[in-house]
Q: 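Here it is, the structure, as structure tokens.
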Amino acid sequence: MRKIHLTNAGGRDATVSMEGLRTPSGTRPGLPDRAVRFSRYLACTENGLHDRLTAAHGEDYAEALIAGDPEIDLEQVGRRVEGTDRIYLSAAGDVLYAAPRVVEVILGPDGQEKLRRAPEDIEANINAEDKPIRWTGRKMPRREVVRRFVFRRTVQIRHVDGVTYDYLYEMAKSLAADDALMMLGAGDRGREPLVFQTNGSPYRGFLEGRVDGERYKLLLHLSNMELKRPDGEVEK
Amino acid sequence: MGAWNTFADTYGTDKALAGLDAEQIRAVVEVLLLVMYADGRASVMERMELAELLDKLPAMDGKAGVVEAHVEAARERAEKASGADIATFARSAAARLPDPAARAVVFRMATALATADLQLGLPESAVLTALATPSASRRRKRSSSSTKPAEPQAPHPEDSTMARELILERGGRQSRFGLGKVDRIKLYGQRRRIPLDPQDQACERAELTADGSLVLRSGMTAQAYFDDDGIWIPQAELQSLTADGQVAEKHDSTLGVPVPLEAVDPSAVLDSQITGVYALDAEEVDPELKAALDRGEIFRFAFNYRAGTNLQSAFLVANPGGVFALVGQPAESDWCELARPVVDVFEDEDEDDDDLDFEMF
């Protein structure tokens with residue numbers, strides 16, 4: 001059970017449960033009358049890579065491939081590849097035996113590098129013991145919010161006992177009555193985005209409430225993208 | 001050898017390309033090389049696919065020379081030009097082709113080439129999108145005024161093959177939109193973590209097999225489906241199956257054909273997981289639809305970018321920044337009741353009592 005620590009309109013905090021929503025399972029490739037399995041296999045060895053083939057046979061090596069199959073190592077090609085470990089090669093192609101230094105590069109929308117810096121880990125903040133997710137008081141009508149933000153994820157917030165049922169039901173009821181979503185934020189003033197796992201994507205959270213008699217739904221809609229056109233691009 | 005090549009070329013020429021002249025063949029070669037080098041490298045699989053595709057072009061004196069002459073130019077263009085420049089170049093090369101049928105065949109060739117190594121990167125995808133998007137001049141020919149009421153009409157012949165155009169129908173009137181994908185990277189850029197070697201050069205990511213015997217570099221592996229006897233199943237034989245093993249129904253692309261709009265409550269958008277966003281360029285818009293969008297109304301329509309088995313829904317919305325289509329799939333939530341709290345399941349702590357942890361000392 002994943003937990004989220006949040007406050008209500010009165011600033012009272014509670015730790016409750018959350019889970020992702022179900023989406024329909026898609027189709028899978030296969031045969032209706034036979035079982036098939038997906039497998040990764042070795043297609044060529046290093047000698048079959050473009051750089052090696054170019055060095056051995058020149059830029060136009062297609063004829064060499066047809067004539068002599070130099071890219072096929074009969075001892076290795078076709079071997080199933082399972083359970084590998086990630087490694088790094090230096091620019092010269094040598095295996096590194098120590099962890100590489102990592103640099104974080106910020107690229108602008110045009111693909112140009114804007115900043116280069118040492119990476120910093122960003123910790124998850126949705127279940128911090130001393131800093132609950134804040135009810136910011138910033139409401140946005142339902143019709144407006146879906147036209148301003150793109151929601152790629154939603155998590156459902158659920159009670160874990162009778163006390164938290166009352167707590168969440170009241171939240172859902174007040175939001176449903178307003179036909180509005182409440183922005184939730186992290187940090188002391190609720191201005192920081194929500195991070196669900198270490199170095200995970202930061203999201204803006206909008207809490208929606210629905211009630212049906214004694215039942216309720218509290219849905220935290222997550223967005224990391226405004227609904228707008230890229231800079232400089234105008235509608236034709 | 002030359003005569004044999006000519007015979008093989010003539011025999012293998014795709015009928016839709018049979019009438020291409022030398023200039024048009026050059027345009028096809030440019031498109032294919034642009035796709036191949038879009039990601040800055042050409043894998044062996046892509047090169048072999050290219051060789052097969054070139055055989056489908058009509059015989060032409062010095063075809064190999066034409067290819068040779070364009071290789072360097074294509075590679076240089078991919079390395080130096082921005083994504084937008086490459087897209088523009090791809091579009092202009094495709095515009096030199098004589099008719100929609102030839103453009104459709106070239107688009108299929110480009111798709112086969114882009115996916116030859118079983119990887120479709122963003123740059124390749126961008127070139128394909130550019131090829132599939134009608135050029136501004138072609139769009140202008142068909143649109144006279146962006147606010148002129150649109151009369152119902154049959155799909156344009158190009159739409160069924162190349163043009164990626166939304167035709168939305170409401171109250172018997174059609175509106176037409178060009179569409180371009182919007183994502184986070186286009187809006188905000190991106191953050192990348194790059195490992196550096198001791199000389200501060202970017203490292204190459206690779207894998208080591210479980211037995212430590214082989215270093216796997218990019219391009220050394222492939223993936224496919226096999227039956228229980230280990231026999232490879234060609235991609236063309238595979239079918240899309242549902243969760244219960246039935247062959248899934250195939251749906252045509254909804255682009256280029258009229259699709260009805262249905263007004264929905266904002267909750268319909270919130271009950272969906274949005275998987276794609278398109279910025280729409282209005283070409284011909286029914287004034288009543290425009291007024292409804294300006295009022296904040298939201299519409300749902302069936303959406304399939306290309307033919308396939310997963311028919312999705314999209315939502316038509318507008319804000320001061322433009323008109324957008326949000327593509328998504330339904331996401332199910334359920335009602336919470338007092339009697340059904342979520343119960344935390346704790347693991348039995350006694351279970352591991354025998355496994356004394358000496359590392360803590």
Q: At a 4.5 Å cut-off on heavy atoms, which part of B:L50 comes close to chain A: side chain, backbone, both, or neither?
A: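 B:L50 has no heavy atom closer than 4.5 Å to chain A.
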Q: Decide, yes or no, whether a salt bridge links B:E207 with A:R40 under the criterion of side-chain N to carboxylate O below 4.0 Å.
A: yes
Q: So what's closer than 4.5 Å to chain A heavy atoms on B:L216: side chain, backbone, both or neither?
A: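 Side chain of B:L216 only, per the 4.5 Å heavy-atom cut-off to chain A.
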Q: Do A:Y169 and A:H159 have a side chain donor and acceptor closer than 3.5 Å?
A: no
Q: Is B:A331 close to chain A through its backbone or its side chain, or both, or neither, when contacts mean heavy atoms under 4.5 Å?
A: both
Q: Among B:L208, B:L241, B:L238, B:V269, which residue forms the greatest number of heavy-atom pairs with chain A at distances under 4.5 Å?
A: B:L241
Q: Under 3.5 Å, is there a donor-acceptor pair linking the side chains of B:Q329 and B:Q273?
A: yes
Q: Counting only heavy atoms closer than 4.5 Å, note whether A:E46 contacts chain B via side chain, backbone, both or neither.
A: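 Both parts, backbone and side chain.
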Q: Which one, B:I231, B:V247, B:D200, leads in non-hydrogen pairs under 4.5 Å with chain A?
A: B:D200
Q: Given a strict heavy-atom distance threshold of 4.5 Å, which part of B:R205 is in contact with chain A: side chain, backbone, both, or neither?
A: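 Interface part for B:R205: both.
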Q: Is the CZ atom of B:R192 crowded by more than 12 outside heavy atoms at less than 6.0 Å?
A: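 No, because the 6.0 Å sphere around CZ of B:R192 holds 12 heavy atoms or fewer from other groups.
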Q: Is it the backbone or the side chain of A:V81 that comes under 4.5 Å from a heavy atom of chain B, or both, or neither?
A: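 For A:V81, side-chain heavy atoms alone lie under 4.5 Å from chain B.
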Q: Heavy-atom distances under 4.5 Å only: say whether A:E104 touches chain B with side chain, backbone, both or neither.
A: both
Q: At a 4.5 Å cut-off on heavy atoms, which part of A:R2 comes close to chain B: side chain, backbone, both, or neither?
A: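 Neither; nothing under 4.5 Å.
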Q: For B:D334, is it the side chain, the backbone, both, or neither that has a heavy atom closer than 4.5 Å to a heavy atom of chain A?
A: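 For B:D334, backbone and side chain are both near chain A.
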Q: Looking at A:P119, A:A172, A:A92, which has the largest count of heavy-atom pairs under 4.5 Å with chain B?
A: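 Top option by heavy-atom pairs under 4.5 Å: A:P119.
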Q: For B:V327, is there any backbone N or O sitting under 3.5 Å from a side-chain donor or acceptor partner on B:T275?
A: yes
Q: Do the ring planes of A:Y41 and B:F226 sit parallel (below 30°), tilted (30 to 60°) or perpendicular (above 60°)?
A: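 Aromatic pair A:Y41/B:F226 classed perpendicular.
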Q: Which one wins on heavy-atom pair count under 4.5 Å against chain B: A:G213, A:P141, A:P109?
A: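 Option with the greatest count: A:P109.
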Q: Any salt bridge linking A:E208 with A:R210? Criterion: basic side-chain nitrogen under 4.0 Å from a carboxylate oxygen.
A: yes
Q: Examine whether an atom of B:P198 lies under 4.5 Å from a heavy atom of chain A, and if so say whether it belongs to the side chain, the backbone or both; otherwise answer neither.
A: side chain
Q: Once you round to the nearest 0.5 Å, how far does NE2 of B:H251 lie from OG1 of B:T309?
A: 7.5 Å
Q: Please look at B:I233 and chain A and tell me whether the side chain, the backbone, both or neither of the residue comes under 4.5 angstrom of a heavy atom of that chain.
A: side chain
Q: Report which part of A:R101 has an atom under 4.5 Å of a heavy atom belonging to chain B: side chain, backbone, both, or neither.
A: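 Both backbone and side chain.
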Q: When only pairs under 4.5 Å are counted, which of B:Q199, B:Q201, B:R217 shares the most heavy-atom pairs with chain A?
A: B:R217
Q: Quick one, B:F315 and B:F299 - any side-chain contact, counting heavy atoms below 4.5 Å?
A: no
Q: For A:R79, is there an ion pair with A:D73 - N to carboxylate O distance below 4.0 angstrom?
A: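 Here A:D73 does not pair with A:R79 in a salt bridge, since their nearest N and O are not under 4.0 Å apart.
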Q: Check whether B:T242 reaches the backbone of B:Q246 with its side chain - one donor and one acceptor, N or O, closer than 3.5 Å.
A: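 Such a contact is found between B:T242 side chain and B:Q246 backbone.
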Q: Checking heavy atoms, do the side chain of A:L218, its backbone, both or neither come under 4.5 Å from chain B?
A: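 Looking at A:L218, nothing touches chain B.
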Q: Considering only heavy atoms, which portion of B:N310 lies under 4.5 Å from any heavy atom of chain A: side chain, backbone, both, or neither?
A: side chain
Q: What part of A:D161 is in contact with chain B, defined as an atom under 4.5 angstrom from a non-hydrogen atom: side chain, backbone, both or neither?
A: backbone
Q: What I want to find out is whether A:K173 reaches A:D166 closely enough, with some N-O distance under 4.0 Å, to be called a salt bridge.
A: no
Q: Non-hydrogen atoms of chain A under 4.5 Å away: do they reach the side chain of B:F324, the backbone, both or neither?
A: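 The side chain, not the backbone.
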Q: What part of A:A35 gets closer than 4.5 Å to chain B, counting heavy atoms only: side chain, backbone, both or neither?
A: both
Q: If I measure from the heavy atoms of chain B, does A:S90 come under 4.5 Å with its side chain, its backbone, both, or neither?
A: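 Answer is both: backbone and side chain atoms of A:S90 are under 4.5 Å from chain B.
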Q: Establish, from distance only, whether the side-chain atoms of A:K217 and B:S333 form a donor-acceptor pair under 3.5 Å.
A: yes
Q: Side chain, backbone, both or neither: which part of A:S39 has an atom under 4.5 Å from a heavy atom of chain B?
A: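 Both backbone and side chain.
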Q: Quick one: what part of A:V150 sits under 4.5 Å from any heavy atom of chain B, side chain, backbone, both or neither?
A: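 Only the side chain of A:V150 comes within 4.5 Å of chain B.
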Q: Based on non-hydrogen pairs under 4.5 Å, which of A:V77, A:V16, A:L168, A:N199 is most in contact with chain B?
A: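 When all of A:V77, A:V16, A:L168, A:N199 are compared, A:N199 has the most.
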Q: In terms of heavy-atom proximity below 4.5 Å to chain B, should A:Q76 be classed as side chain, backbone, both, or neither?
A: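 Looking at A:Q76, just its side chain touches chain B.
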Q: Highest number of heavy-atom pairs under 4.5 Å with chain B: which of A:L42, A:V36, A:V103, A:I106?
A: A:V103
Q: Under 4.5 Å from any heavy atom of chain B, what part of A:N224 do you find: side chain, backbone, both or neither?
A: both
Q: Consider only side-chain N and O atoms of A:T84 and B:T209, and report whether a donor and an acceptor are under 3.5 Å apart.
A: no
Q: Taking A:S223 for its side chain and A:M225 for its backbone only, find out whether a donor-acceptor pair lies under 3.5 Å.
A: yes
Q: So how far is it from B:C336 SG to A:Y165 OH, rounded to the nearest 0.5 Å?
A: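 B:C336 SG to A:Y165 OH: 9.5 Å, rounded to 0.5 Å.
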Q: Nearest 0.5 Å, what's the NZ-NZ distance between A:K228 and B:K186?
A: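 If we round to the nearest 0.5 Å, A:K228:NZ and B:K186:NZ are 14.5 Å apart.
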Q: Any luck finding a side-chain donor-acceptor pair between B:N319 and A:R147 under 3.5 Å?
A: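 There is no such pair (donor and acceptor under 3.5 Å, judged by atom type) between the side chains of B:N319 and A:R147.
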Q: How about CZ on B:R193, more than 12 heavy atoms from neighbouring residues, nucleotides or ligands closer than 6.0 Å, or not?
A: yes
Q: So which of B:A210, B:C203, B:G180 has the biggest tally of heavy-atom pairs under 4.5 Å with chain A?
A: B:C203
Q: Determine whether A:L53 and A:L65 satisfy the following criterion, side-chain contact (heavy atoms from CB on, under 4.5 Å), listing intermediate values before the conclusion.
A: CA-CA 9 Å; A:L53 289 170; A:L65 296 189; 4.0 Å; yes
Q: Below 4.5 Å from any heavy atom of chain A, which atoms of B:S213 appear? Answer side chain, backbone, both or neither.
A: side chain
Q: What part of B:L326 is in contact with chain A, defined as an atom under 4.5 angstrom from a non-hydrogen atom: side chain, backbone, both or neither?
A: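 For B:L326, the contact with chain A is made by the side chain alone.
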Q: For each of B:A202, B:A318, B:G245, B:A243, tally heavy-atom pairs with chain A at distances under 4.5 Å, and name the one with the top tally.
A: B:A318
Q: Below 4.5 Å, heavy-atom pairs only: which of A:V102, A:L89, A:L21 has the largest tally toward chain B?
A: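 With the most close heavy-atom pairs to chain B, the winner is A:L89.
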Q: Could you look at A:L96 and say if it's the side chain, the backbone, both or neither that has a heavy atom under 4.5 Å from chain B?
A: side chain
